[in-house]
Structure formats: C-alpha cells, structure tokens
Asker: 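Can you keep this structure in mind? I'll have questions shortly.
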Amino acid sequence: MQKIIAANWKMYKTCAQAAQTARALSDALANGVHEDRLVLVFAPFTAIAEVQGKFATNPSLAVGAQNFYPAGEGAFTGEISPSMLRDVGAQWLLVGHSERRHILGESLQLIAQKTAFGLEQGFKVMLCVGETLTERTDGALATVLDEQLSSALDALPEDVKNALPGRFAVAYEPVWAIGTGKVAGPEEVVEAHTQVRSLLERYLGSDAADIPLLYGGSVKPDNAPLLLGLDNVDGLLVGGASLEAQSFLQIIEA
Ligand code: PGA
C-alpha cells in the first residue's frame, strides 16, 4: 500500500509562511517522492490555495482542510462547506481530530455526519481516532476505538461504505501523545493498529485491508523510521514536526 505522510499545520502559518514551506517541500520533492509516498498537507483554510498553487504540478503532493461543516450551504455563521474548500484546491478533509473532539466539543454524531458528508461530496477523508490517558489506564482502548470507528462507519450510506478504498484513511492518534513529546511505544502502536484493522474488517469486510492506517502523536525525524516499519502502519500524521520543511522532509524520506 502507498504510504501517506501527512502534515497537520493546525492553527499555524500565515499565507506567506505557508507558501514558503510549501515551496520548499515542492522544490525538494520535484524529482519524485521517496518510495512513491503520498505527501499530504492539512493547511489552515486561509493557506489552502497557496499550498495547492505550489503542489499543483506534482501528483505526489496533495492539500487538505482541517475542518468543515457537513452541509452544502446555508445559515451557518462562521462555518465553511466542502464545496468552498474544493474551490480553493482541497482534496482531502480531516475529521475527528482529538483537538476538535476534546477542545471544540465535537460529538460522535457530528463526526459521523462530517465523515459521511465529506465522502458523499467526493472528498478523500482521513478519520482520526484515539484514546485519552485515562481511557488507556482504565483499559478502555478497545471500547473507545470501537465507539469512534463504528459511529462514523455505521452512518455511511451503503454505496459510500462499499467504495472506501482509495478515498478513506484512519489515523490512530493517542490523545496523550499529541503535542506532548511522548510518542507511543512500538508495542502500543502495534496493539492499537491491530485493533483498528480488525474493527475495520468487522465493519468493511475485505476492503479493510486497503484502508491506510496512519500513526500520529509526537512523530519526529528520529522516531519516524521505527514507526513506519511497524506492522499495520501505513503512514504518519505529523503536527509540530511538519511545520518546518526540513524536519518534515526528513520524515517523508524516513
Ligand atoms: P504532534 O501532533 O505531531 O504535534 O503531536 C499530531 C496531530 O495532532 O495530528
């Protein structure tokens, strides 16, 4: 399976800063990407067009949006629709990131609606799942992963559910490892990814084998090679270490 190395720039970078980083990535990767990986940047809304402008001629580079509202248009002050994001070049949508679940209070139901709507609108969707430290120490890892995956997948119309390979990815991001410098250990990553894969098999049957599973949470250039070599790890979702082109390039080439 093609590995996906994704950047989540969160609420960082002005247009000029985003353009500079995107240009550095696209220049460095102009002659192809290591092992034919897909490099994806979830940029802030205001910088999507800039990033897309720098990535447009390289099929290994793609841009996505970190958020959207699951409706075509309407009286939803402050929200943004998938078609507006398509307009500026977004091809991917990020859904269920722990900062949106835990800081912005997005419910399982809203995340399920967003997953279905994004896919129905023809976008590729990356769904993030992961447990908090308390959930892990309480032994609730399996329950949390099941709840987060089943709620999103159960809400999909059958035709969408039957056509997920190539347009759906799952990122396992333990909440306690995001932005903390505490990367999950190899056994913890393999344990969680094995569980995600078998849950996907339960909900999607044989298609599950073709859904990329990314790991995220304090990925850095020095731990990326180990993480990418683990069973069932088909890519990485990188926050802090994706902000500088140099460190993100080291991860892309890990
Ligand atoms: P981090 O963030 O790499 O800074 O831990 C990962 C993420 O939030 O996707």
Side-chain angles (χ1 to χ4, degrees), residues 4 6-13 18 40-48 51 62-71 74 76-86 88 90-121 123-136 140-141 143-156 167-180 182 184 192 196 212-219 235-243:
I4 301 176
N8 175 9
W9 284 353
K10 308 192 181 188
M11 201 174 73
Y12 291 98
K13 293 191 187 289
L40 178 56
V41 170
F42 290 103
F45 296 143
T46 47
I48 289 173
V51 176
V63 64
Q66 300 167 23
N67 188 34
F68 62 98
Y69 191 75
F76 303 107
T77 302
E79 294 298 327
I80 192 155
S81 74
S83 53
M84 293 167 178
L85 294 165
R86 177 176 290 115
V88 287
Q91 297 154 42
W92 281 78
L93 299 171
L94 192 65
V95 177
H97 189 277
S98 79
E99 284 147 20
R100 299 217 56 91
R101 292 181 193 265
H102 299 290
I103 303 175
L104 283 309
E106 288 194 8
S107 64
L108 290 172
Q109 192 197 6
L110 178 60
I111 291 163
Q113 283 168 2
K114 290 172 72 172
T115 307
F117 196 78
L119 288 164
E120 282 170 325
Q121 295 296 301
F123 281 83
K124 295 178 180 173
V125 168
M126 186 178 294
L127 173 70
C128 302
V129 297
E131 81 290 4
T132 63
L133 189 55
T134 320
E135 287 164 342
R136 176 167 275 268
L141 174 67
T143 318
V144 171
L145 294 178
D146 192 9
E147 187 177 62
Q148 293 178 349
L149 282 170
S150 64
S151 55
L153 296 173
D154 282 348
L156 296 178
R167 44 198 307 248
F168 183 65
V170 175
Y172 167 67
E173 298 204 300
V175 179
W176 47 272
I178 297 177
T180 58
K182 275 190 226 151
V196 171
L213 303 189
L214 287 75
Y215 168 79
S218 296
V219 174
L236 301 169
L237 178 56
V238 189
S242 72
L243 293 171

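Just so it is clear, the values below take in all heavy atoms, side chains as well, and ignore hydrogens, waters and symmetry mates. For reference, positions follow the sequence shown, starting with 1.
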Asker: Roughly how far, to the nearest 0.5 Å, is the CD1 atom of I178 from the NE2 atom of H102?
Answerer: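 It comes to 8.0 Å.
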Asker: Any heavy-atom pair between the side chains of W92 and I4 that's under 4.5 Å?
Answerer: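 Result yes, sub-4.5 Å side-chain heavy-atom pair found.
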Asker: Count the heavy atoms of every other residue, nucleotide or ligand shown that sit under 6.0 Å from CD of E79, and state whether that count exceeds 12.
Answerer: yes
Asker: A65 and A90: which non-hydrogen atoms are nearest, and at how many Å?
Answerer: N-CB, 4.2 Å
Asker: Might you point out which heavy atoms bring W176 and E131 nearest each other, and give the distance in Å?
Answerer: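 Reported closest heavy-atom pair: NE1-OE2, 3.0 Å.
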Asker: Counting only heavy atoms not in K13, do more than 12 sit closer than 6.0 Å to its NZ atom?
Answerer: yes
Asker: Please check if the side chain of E135 supplies one atom and the backbone of A140 the other of a donor-acceptor pair under 3.5 Å.
Answerer: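 Answer holds: no.
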Asker: How many angstroms lie between CG in N8 and CG in L40, if you round to the nearest 0.5 Å?
Answerer: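 That separation rounds to 10.0 Å.
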Asker: Once you round to the nearest 0.5 Å, how far does NE2 of H97 lie from CD of E173?
Answerer: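 That separation rounds to 4.5 Å.
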Asker: Keeping the roles fixed (side chain from W9, backbone from P44), state whether a donor-acceptor pair exists under 3.5 Å.
Answerer: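 Looks like no, no N/O pair under 3.5 Å.
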Asker: Parallel, tilted or perpendicular: which fits the ring planes of Y215 and Y172, with parallel below 30° and perpendicular above 60°?
Answerer: tilted
Asker: I'd like to check V88 versus F45 (side-chain heavy atoms, cut-off strictly below 4.5 Å). Are they in contact?
Answerer: no
Asker: Any side-chain heavy atom of E106 within less than 4.5 Å of one from N67?
Answerer: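 Touching, per the 4.5 Å side-chain cut-off.
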Asker: Spell out, as yes or no, whether a donor-acceptor pair under 3.5 Å connects the side chain of Q148 to the backbone of G130.
Answerer: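 Flag set: sc Q148 to bb G130 pair under 3.5 Å.
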Asker: Give the minimum heavy-atom separation between S218 and A177, together with the two atoms involved.
Answerer: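 Reported closest heavy-atom pair: OG-O, 2.7 Å.
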Asker: Find out whether E120 and L156 are in side-chain contact, i.e. whether some heavy atom of one side chain is under 4.5 Å from a heavy atom of the other.
Answerer: no
Asker: For the pair R100 (side chain) and L94 (backbone), establish whether a donor and an acceptor sit closer than 3.5 Å, ignoring hydrogens and angles.
Answerer: no
Asker: Do S242 and V219 have side chains that approach each other closer than 4.5 Å (heavy atoms only, starting at C-beta)?
Answerer: no
Asker: Measuring from F68:CZ to L93:CG, what's the distance to the nearest 0.5 Å?
Answerer: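 One gets 4.5 Å once the value is rounded to the nearest 0.5 Å.
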Asker: Would you check if V129 and R101 make a side-chain contact, meaning some heavy-atom pair closer than 4.5 Å?
Answerer: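 SC-SC contact between V129 and R101 confirmed.
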Asker: Counting N and O atoms only, with roles assigned by atom type, does the side chain of T132 sit under 3.5 Å from a partner on the main chain of V175, one being a donor and the other an acceptor?
Answerer: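 No: the side chain of T132 does not pair with the backbone of V175.
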Asker: What pair of heavy atoms forms the shortest contact from Q91 to F123, and how long is it?
Answerer: O-CD2, 3.5 Å
Asker: With a 4.5 Å limit on heavy-atom distance, are the side chains of T115 and L153 in contact?
Answerer: no
Asker: Quick check for you: to the nearest 0.5 Å, what is the distance between L133 atom CG and K182 atom NZ?
Answerer: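 So the CG of L133 and the NZ of K182 are separated by 6.0 Å.
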Asker: Between Q113 and Y69, is a side chain to side chain donor-acceptor pair (under 3.5 Å) present by the stated rule, with each step listed?
Answerer: CA-CA 9 Å; Q113 283 168 2; Y69 191 75; 5.9 Å; no
